[in-house]
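Below, all heavy atoms of this structure are taken into account, side chains as well, without hydrogens, waters or symmetry copies.
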Amino acid sequence: MKKWLSLALCAVLIFVMSFSVCMSAFAIQTEDIEPTQLGTSDTYYSYSAQTKTLTVSGSGAMPNMKNNESYQPWYDFRSDGSIQNIVVEYGVTSVGNYAFYNVTANSITLPESLRTVGSYAFAYNAAQNISLPYGLTSVGSYAFDGCTSLTNLSLPDTLKTIGSYAFRLCTQLESVAIPYSVTSLGSYAFSRCSKLSSLTFDNMTGEIKIGSNAFSDCILLKSAAFPRFATLSSKAFGYASGALVSGVTMQVYESSNADIYAMNNSISTTYYDSCALKCGVKNSVSFDENNLSEVYTFTFSPDFSAAYNFYSIGEVDLMAELFDGAAKFAENNDLAENDDNFCISYDLTQGKTYTLKVHTMMSQGVGEVVVYPDEITSFSIGGAITFNARDGFRSGSTPYFPIIDSTLEELVINVVFTNGYTDKVRYVNGFFNNRTMSFNDIQGASPFTCGSNLDYIRIGDDSEPFEVIVNHSYNEEIVPYTAYDDGYTIFTCMLCGDSYIGDFVPTPAITVTGRCVLMTDTDGSYNENIPIKNISFVYDSREYRVNENGEFTFNTLESCDITLLNPYGADKIISITNEDEDVDLGNIAICAYDFNRDSHINGRDLAVFKTQLEDELGKNYFVNAINFM
């Protein structure tokens with residue numbers, strides 16, 4: 001019986017402890033969190049319990065983290081439903097390693113200031129739709145690993161590298177389009193995406209390295225077209241559980257690396273000899289001594305009838321010809337005498353397929369071919385350029401801030417074309433879509449000041465503003481402390497004159513106090529009720545008077561002597577020692593009966609007192625003078 005009771009109690013105890021642990025592990029966050037600094041970075045996090053939103057703000061890179069409570073501030077409530085939304089605000093440039101690891105949010109909002117996403121940064125989140133922002137250049141390894149709810153993924157055409165395992169085990173993802181800007185796709189990047197059935201590459205003439213097992217165990221992905229200069233590593237495509245998938249096929253350019261991969265792995269192929277152009281997608285063309293006679297063939301089927309521009313970008317001298325079927329109806333060699341790029345402008349009809357053939361004018365180099373609708377209905381500029389006020393004073397006394405091409409390239413230009421087509425582009429100092437893009441600087445007429453300013457970018461005949469933020473730069477004037485005042489620094493902005501006082505330094509001075517009273521006997525005794533109010537004292541070469549009650553006070557930074565100037569007798573010198581503590585001299589007895597200043601106290605002094613000073617000093621003042629006669 002005792003044994004049974006013991007076992008029962010143990011079971012109850014285990015249940016209670018288990019329940020307690022579970023309750024502790026899944027404690028819902030119910031309190032808001034005010035902005036809190038992340039490590040030593042310039043980024044901060046906050047939390048709204050009402051909206052269940054975790055927000056990261058500030059500027060620059062978030063710090064790298066680890067998968068534990070010491071590094072991840074929201075570790076204790078990251079996967080209990082407390083966080084439904086993640087918002088990273090504009091200004092943040094990097095999401096650190098493990099930043100939102102296992103945070104089961106179903107909404108992720110990222111800014112166009114973002115440049116990198118670190119390893120494991122969003123692994124095991126619950127978002128269904130992820131749109132990575134324009135401006136992002138790299139996605140780290142395992143960054144979105146195990147995001148099993150992800151169904152829609154949008155990658156920007158600024159992205160260059162996708163790390164190993166970056167989107168592994170995104171089991172609901174059905175399609176992925178690799179932007180023309182991507183040049184490196186890591187090993188196992190999309191491995192075990194079991195519903196993935198559609199894979200496209202925007203730049204079919206570009207170079208891209210595809211890592212081993214990049215698409216392994218994507219059992220529904222049976223066919224894909226690979227870029228002409230794609231390099232596929234071991235089992236990059238067409239494999240599941242280490243074996244070749246039955247019925248898999250590849251579209252490849254004949255004799256390309258992708259073609260060789262298919263042959264080596266016994267994968268059926270079909271060949272293509274032309275690449276489809278899409279609006280806004282840059283397609284690479286490359287010429288060296290081995291292929292100067294080669295012709296790149298592109299096709300284009302417009303989504304709507306309009307005038308379109310086919311043009312090239314780069315340093316290679318190109319020739320282009322536009323065909324409608326077999327009929328050539330336009331060609332162009334040089335955009336201008338000083339520009340070897342081509343541009344063909346032509347009215348195209350929706351539903352028809354046109355062919356563009358590009359070859360070199362015996363020039364070697366790399367270029368890009370792009371097509372856009374000709375008509376630009378509007379454009380706007382996102383982002384801001386930031387300076388410190390000091391940056392404007394690099395030469396001369398008139399402020400001028402050096403806005404250069406590389407700085408402008410950080411801005412995002414949102415261009416709206418005819419028929420509602422839109423695209424995002426970077427600033428280029430030169431040709432864009434059959435018109436010139438340029439920087440229209442107005443600093444000469446409207447100099448910048450601290451705060452928000454506007455400058456302009458021009459496309460063709462139209463210009464639009466972008467924001468230039470100038471932060472204060474302060475000159476410092478140090479005001480040293482004195483015996484009576486604390487020291488401080490005056491900070492004054494060298495551009496706008498804004499100023500404030502800070503960096504206070506408390507004065508180390510001590511305060512000396514005392515009271516001059518009348519001595520009543522030669523032994524130094526005194527009557528504290530009779531102040532000597534005509535006394536003055538000399539300190540630091542300056543003379544000060546005591547008050548009506550004989551009291552005085554002054555500050556000193558160092559040990560010193562003071563001289564009490566006695567109008568009715570001998571002066572008195574007192575030494576003060578500065579030991580970092582205030583000094584109270586108390587009552588200082590002074591013999592002050594020699595009214596006629598003859599160095600003797602006698603009847604003549606009494607006569608002066610009676611005739612001149614009795615009303616001022618009081619009748620009792622001279623009572624004890626007899627002790628000094």
Under the side chain to side chain donor-acceptor pair (under 3.5 Å) test, which residues partner [X], sequence neighbours left out?
{"X": "Y188", "result": "N213"}
{"X": "T360", "result": "none"}
{"X": "D317", "result": "none"}
{"X": "T183", "result": "none"}

Do [X] and [Y] have side-chain N/O donor and acceptor atoms under 3.5 Å apart?
{"X": "T55", "Y": "T53", "value": "no"}
{"X": "N309", "Y": "S345", "value": "yes"}
{"X": "S452", "Y": "E467", "value": "yes"}
{"X": "D340", "Y": "S363", "value": "no"}
{"X": "D498", "Y": "Y474", "value": "yes"}
{"X": "D288", "Y": "S286", "value": "no"}

**Stacked cation flag K357 on Y296, 6.0 angstrom / 45 deg** =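 Verdict for Y296: no cation-pi partner in K357.
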Keeping the roles fixed (side chain from [X], backbone from [Y]), state whether a donor-acceptor pair exists under 3.5 Å.
{"X": "T377", "Y": "E375", "value": "no"}
{"X": "E315", "Y": "V366", "value": "no"}
{"X": "S473", "Y": "R390", "value": "yes"}
{"X": "T158", "Y": "L136", "value": "yes"}
{"X": "Q72", "Y": "Y98", "value": "yes"}
{"X": "N471", "Y": "A389", "value": "no"}

Ignoring hydrogens and angles, write down the donor-acceptor pairs under 3.5 Å from the side chains of residues 412-423, residues two or more places apart or on other chains.
unit_1 : atom_1 : unit_2 : atom_2 : d
Y421   : OH     : C279   : O      : 2.9
D423   : OD2    : Y372   : OH     : 2.6

Tell me every residue that passes ring-ring contact (aromatic ring centres under 6.0 Å, His included) with [X], counting only those two or more places apart in sequence or in another chain.
{"X": "F439", "value": "none"}
{"X": "Y44", "value": "none"}
{"X": "F201", "value": "F226"}
{"X": "F215", "value": "F190"}

**pair V56-V87: side-chain heavy atoms closer than 4.5 Å** =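 A side-chain contact under 4.5 Å is absent here.
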**Request:** Output, in order, the C-alpha distance, side-chain angles, deciding distance and verdict of ring-ring contact (aromatic ring centres under 6.0 Å, His included) for Y346 and F329.
**Result:** CA-CA 9 Å; Y346 217 85; F329 58 91; 4.2 Å; yes
State whether the number of non-hydrogen atoms from other residues, nucleotides or ligands found under 6.0 Å of [X] atom [atom1] is greater than 12.
{"X": "Q37", "atom1": "CD", "value": "yes"}
{"X": "F491", "atom1": "CZ", "value": "yes"}
{"X": "F431", "atom1": "CZ", "value": "yes"}

Quick one: [atom1] on [X] to [atom2] on [Y], what's the gap to the nearest 0.5 Å?
{"X": "N125", "Y": "S149", "atom1": "CG", "atom2": "OG", "result": "8.0 Å"}
{"X": "S59", "Y": "E89", "atom1": "OG", "atom2": "CD", "result": "12.0 Å"}
{"X": "I344", "Y": "N434", "atom1": "CD1", "atom2": "CG", "result": "11.0 Å"}
{"X": "F298", "Y": "F300", "atom1": "CZ", "atom2": "CZ", "result": "13.0 Å"}
{"X": "M362", "Y": "L292", "atom1": "CE", "atom2": "CG", "result": "4.5 Å"}
{"X": "N290", "Y": "Q364", "atom1": "CG", "atom2": "CD", "result": "8.5 Å"}

Minimal non-hydrogen separation, [X] against [Y], with atom names:
{"X": "N341", "Y": "S312", "result": "OD1-OG, 3.0 Å"}
{"X": "H472", "Y": "C450", "result": "ND1-SG, 3.4 Å"}
{"X": "V470", "Y": "T449", "result": "CB-O, 3.5 Å"}
{"X": "P373", "Y": "N433", "result": "O-ND2, 3.0 Å"}
{"X": "G367", "Y": "V316", "result": "N-CG1, 3.9 Å"}
{"X": "L155", "Y": "L132", "result": "CD2-CD1, 3.6 Å"}

**Prompt:** Of all residues at least two apart in sequence or in a different chain, which pass the salt bridge (charged side-chain N to carboxylate O under 4.0 Å, His left out) check with E331?
**Reply:**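 E331: salt bridge (charged side-chain N to carboxylate O under 4.0 Å, His left out) contacts with K328.
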**Request:** Could you pull out all residues at least two apart from K52 that satisfy salt bridge (charged side-chain N to carboxylate O under 4.0 Å, His left out)?
**Result:**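 With sequence neighbours excluded, K52 shows a salt bridge (charged side-chain N to carboxylate O under 4.0 Å, His left out) to no residue whatsoever.
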**Message:** Using 30° and 60° as the class boundaries, would you call the ring planes of Y165 and Y142 parallel, tilted or perpendicular?
**Reply:**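 Y165 vs Y142 ring planes: parallel.
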**Message:** For L411 and Y427: C-alpha separation, side-chain torsions, deciding distance, then whether side chain to side chain contact (heavy atoms under 4.5 Å, CB included) applies.
**Reply:** CA-CA 7 Å; L411 301 172; Y427 173 81; 5.8 Å; no
**side-chain hydrogen bond (donor to acceptor under 3.5 Å, both in side chains) between T436 and S438, worked out** = CA-CA 6 Å; T436 299; S438 60; over 6 Å; no
**Asked** Does the side chain to side chain contact (heavy atoms under 4.5 Å, CB included) test come out yes or no for D455 and F448, once each step is laid out?
**Response** CA-CA 9 Å; D455 222 332; F448 294 164; 3.3 Å; yes
**Item:** side-chain hydrogen bond (donor to acceptor under 3.5 Å, both in side chains) evaluation trace for N85 with T51
**Value:** CA-CA 8 Å; N85 309 292; T51 62; 5.4 Å; no
**Message:** Given C275, which partner from the list T299, V281, T205 fulfils the side chain to side chain contact (heavy atoms under 4.5 Å, CB included) test?
**Reply:**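 Of the listed residues T299, V281, T205, the side chain to side chain contact (heavy atoms under 4.5 Å, CB included) partner of C275 is T205.
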**Message:** Before you tell me yes or no, could you show the steps for Y45 and W74 under ring-ring contact (aromatic ring centres under 6.0 Å, His included), namely the whole-Å CA-CA distance, both residues' side-chain angles and the distance that decides it to 0.1 Å?
**Reply:** CA-CA 9 Å; Y45 78 95; W74 38 85; 5.2 Å; yes
With a cut-off of 3.5 Å and sequence neighbours excluded, list every side-chain donor-acceptor pair involving residues 114-122.
unit_1 : atom_1 : unit_2 : atom_2 : d
R115   : NE     : E410   : OE1    : 3.4
R115   : NH1    : E112   : O      : 2.9
R115   : NH1    : S113   : O      : 3.3
R115   : NH1    : G135   : O      : 3.4
R115   : NH2    : E410   : OE1    : 2.9
T116   : OG1    : S94    : OG     : 2.7
S119   : OG     : S141   : OG     : 3.1

**Message:** In this structure, is the centre-to-centre distance between the rings of Y354 and F323 below 6.0 Å?
**Reply:**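 Not under 6.0 Å, so no.
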